[in-house]
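Below you'll find the structure, written out as structure tokens, and then a few comments.
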Amino acid sequence: MNPLLALSDPLFDHGVTGVIILIVLIKIVVGFGALMNAVILMIWFERKAISDMQSRIGPQRWGPFGLLQTMADGLKLMGKEDLIPAEADRFVFKLAPFLVVIPAFITFAIVPIGGTMHIAGHVVQLQMANPPMGILLMLAMSGISVYGVMLAGWSSGSKYPLLSSVRASAQMISYEAALGMTIVIVILVTGSLTTHDIVLSQGGNILHWNLIRLGLVPFAIFLIAITAELNRPPFDVVEAESELVGGFHTEYSSFRFAIFFLAEFMNTITMSAVMVTLFFGGPAGWVPPVAHLKWIFPILWFLIKTTIFCFCYIWFRAALPRFRYDQLMDLGWKRLIPLSLGWMLIVAGFLISWRWGLLMGSVVIFAWLVLTRAFELGKTRESGPERVLPTIGQRPIPGSVIRKMSEGDS
Amino acid sequence: MDQYLPILGLLLLGVLFASGSLVASAWLAPHKRPTDAKLAPYECGIVPESEPPQRFPVRFYLVAMIFVIFDIEVVFMYPFAVVFRQLHVFGLIEILTFSLTVFAALVFLVSEGALQWGPVKYLTPGMPERTSSSTIVRIGRDDPEQAA
């Protein structure tokens with residue numbers, strides 16, 4: 001048997017029968033429903049938490065604590081006039097929301113929600129899919145959603161969405177390299193791409209979590225890169241209201257707009273879940289010795305951890321000011337990419353022996369010195385001697401000079 | 001390919017959901033003939049005067065090209081990471097060599113200023129020395145030139 005296939009979902013070991021198709025269908029529908037409900041709750045939670053942090057009341061009319069506000073908003077958007085601007089490329093304009101929302105749906109499939117269960121004599125993993133390519137699926141899907149963002153802005157035939165989508169795609173691809181590199185670090189210690197194995201290798205106690213096992217740096221890089229990838233504050237230059245009207249979906253109205261909104265929040269939840277999977281042991285946690293209910297505790301642990309991260313994103317939005325675009329690109333290219341590359345080498349060295357680890361550490365420190373020199377050279381390229389302006393007067397200009405200048409004019 | 005059955009199912013479900021909700025929206029939404037103002041590009045109420053730009057700052061193309069280097073690098077890292085335990089020291093040295101080539105590319109790009117963003121910075125040399133007498137205006141002690 002192919003060793004790679006042995007790592008994947010045991011449900012398909014003995015071919016596909018009717019029962020297995022039924023199990024798959026149930027998993028998909030339950031997962032889909034759970035995700036949609038989570039999105040609805042997340043939008044409500046974001047609005048409520050933000051308004052609490054800003055001393056406002058927030059949604060409170062629909063349902064208890066305003067819980068049904070999102071449903072009401074969705075229904076309202078459905079009843080709105082669906083407009084396609086005259087300048088738009090009609091086919092691409094209609095295609096773009098699909099390209100954004102479908103990757104958002106699919107990414108959640110690989111997240112392990114709980115342990116394993118036995119249903120009708122089959123071992124069922126509590127995750128929608130566990131393909132051998134595993135975490136690569138997440139990277140592939142985030143790559144596709146760049147297309148959605150880019151095409152949405154381009155096809156609108158309007159200035160600001162176009163600028164916004166160019167910014168967005170530059171930002172998303174810039175942080176994808178750092179993101180991919182931190183996932184490489186996780187895979188180094190796991191030795192497998194599947195999310196199930198990544199979670200299993202972090203079982204046991206809290207010291208086995210990748211957060212602690214890899215040092216805090218990969219987690220910090222991943223958190224920053226994923227926030228930028230999601231275009232969430234403080235990296236939301238894509239939707240900077242003061243510069244670009246409303247981001248790449250300015251021209252979208254009615255439910256097409258709602259789909260972009262949905263996809264954004266779905267991605268936020270999915271990425272929180274991926275973060276929990278990669279660094280916080282996924283569903284791992286203390287399980288009390290209760291018969292017949294053991295399967296429910298991993299799910300609870302998973303939900304608690306994911307909720308904490310969802311709250312983190314909301315907190316970022318309330319607390320942090322927006323980055324400037326050049327700061328954002330500098331952070332991505334000049335800090336995160338070299339740092340993640342260097343940390344990968346150090347982790348790889350320490351996995352072999354501590355001597356190799358120390359050697360790698362010194363190589364990385366030397367490389368850092370070279371890079372610092374390169375930064376200085378780059379700065380002089382940017383503002384060299386040919387960019388020096390002649391002095392104009394004194395600063396601040398004394399009153400006598402101003403008067404002379406104004407007299408000369410009259 | 002059995003492993004990808006749930007993903008295929010989810011893809012179909014996603015397409016169904018998105019197109020179904022769009023159909024529902026088309027059914028519920030009003031069908032008016034939109035005015036010209038509604039169909040025009042939205043610019044906060046200002047009448048658009050120019051076409052959307054056909055050309056971008058060249059930095060965006062640069063970023064896309066540089067991205068290819070680093071993404072290819074990351075893609076090559078994945079197979080290495082999966083079989084790292086078997087490769088042992090050999091793999092480590094190989095990946096160090098590979099990383100050094102990519103790192104050289106990064107150093108070259110950074111030192112050429114290819115990754116510099118933001119407006120071009122202009123320097124002004126020979127700023128006159130700023131002292132308390134040149135920056136502070138003392139009220140009630142106007143100099144005779146100013147009083148004249």
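Proteins come first, then strands; the chains are lettered A, B, ... in the order of their sequence lines, and each starts at number 1.
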Legend entry - chain B contact via A/Ile102 - side chain, backbone, both or neither, heavy atoms under 4.5 Å: side chain
Legend entry - Residue A/Met133 versus chain B: region with a heavy atom under 4.5 Å: both
Inset, instruction - With sequence neighbours excluded, tell me which residues meet ring-ring contact (aromatic ring centres under 6.0 Å, His included) with A/Phe350. - result: none
Legend entry - Under the ring-ring contact (aromatic ring centres under 6.0 Å, His included) test, residues paired with B/Phe60 that sit two or more places apart: B/Trp117
Less than 4.5 Å to any heavy atom of chain A: does that hold for the side chain of [X], its backbone, both, or neither?
X       : answer
B/Phe80 : side chain
B/Ile66 : both
B/Phe84 : side chain

Legend entry - Test item: B/Arg85 side-chain N/O and A/Val189 main-chain N/O as donor-acceptor pair under 3.5 Å: yes
Legend entry - Taking every non-hydrogen atom, the tightest pair across A/Leu345 and B/Ser99: CD2-OG, 3.9 Å
Legend entry - Any residue meeting side-chain contact (heavy atoms from CB on, under 4.5 Å) with A/Asp82, in chain and number order, not counting sequence neighbours: A/Ser253, A/Ser254, A/Arg256
Legend entry - A/Ser158 and A/Ser156 side chains, donor-acceptor separation under 3.5 Å: no
Legend entry - Proximal to chain A - members of residues 24-31 of chain B, heavy-atom separation under 4.5 Å: B/Ala24, B/Ser25, B/Leu28, B/Ala29, B/Pro30
